[in-house]
Amino acid sequence: MDIDLETLSSAPDAAIVAIGACTFATDGSTLAARRVFRQAVHPDTSQKAGGRIDALTVVWWMGQSTEARQAWTLAPARSIQSALQQFALWCLPEFDGERVRVWGNGAGFDNVILRGAYDRCEVSPPWRHQDDRCYRTLKNLRPDIAYEQTGTAHEAADDAVSQALHAERIFAAMKGA
Ligand SMILES: [Mg+2]
């Protein structure tokens, strides 16, 4: 599955404001039943749980689209602790007897930030560190296969869906090569 976080910093301990995830196939096929996770997070609960807020990231958010900002400022939100538990529950069917890899955009971004939040909130992360994978590395291997944004850019679930579909196209091309 691909995960995508929206945060208030780009540091490893960034405060999370939204969690998105989308399943995808890595065997060259197209997933028939795709599952999507979408959850806004109360920023104050992320901050109180040790999440970092950087002024430059806040300024960056001020320059993003209304849709992207409102996706986490106005959407029904959970506390970070509750959101982490919800995401772990959502993951359960994916991890049923299988080792599912968790792909983030950057070796030091989504996976690191999400795992750090799980650790600080003392909630068990739903995936093993051996199953961390990097979508940014994958897409750099095939710059000939274009990324197509589905929905709103910088909306966690829409980004996760877009990245999952892109990764699926890259795997299909690699299997056919
Ligand atoms: Mg995003």
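Read the numbers this way: they start at 1 and go in the same order the structure lists the ligands and their atoms. The analysis underlying the following values was restricted to heavy atoms, covering all of them including side chains, and did not include hydrogens, waters or symmetry mates. Along the sequence shown, residues are numbered consecutively beginning with 1.
- Within the 2.8 Å limit, Glu155 places no N, O or S atom next to the Mg ion (ligand 1).
- Summary: OD2 is the N/O/S atom of Asp4 found nearest to the Mg ion (ligand 1).
- Considering just the N/O/S atoms of Asp159, the one nearest the Mg ion (ligand 1) carries the name OD2.
- The N, O or S atom of Glu6 with the smallest distance to the Mg ion (ligand 1) is OE2.
- Contact detail for Asp110 and Leu5: the closest heavy-atom pair is OD1-N, 2.9 Å.
- Taking the six-membered ring for Trp and the full ring otherwise, Trp103 and Phe171 have centroids separated by under 6.0 Å.
- The side-chain heavy atoms of Phe24 and Tyr135, taken from C-beta on, include no pair separated by under 4.5 Å.
- Salt bridge annotation for Arg34-Glu168: present, with a cationic side-chain nitrogen under 4.0 angstrom from a carboxylate oxygen.
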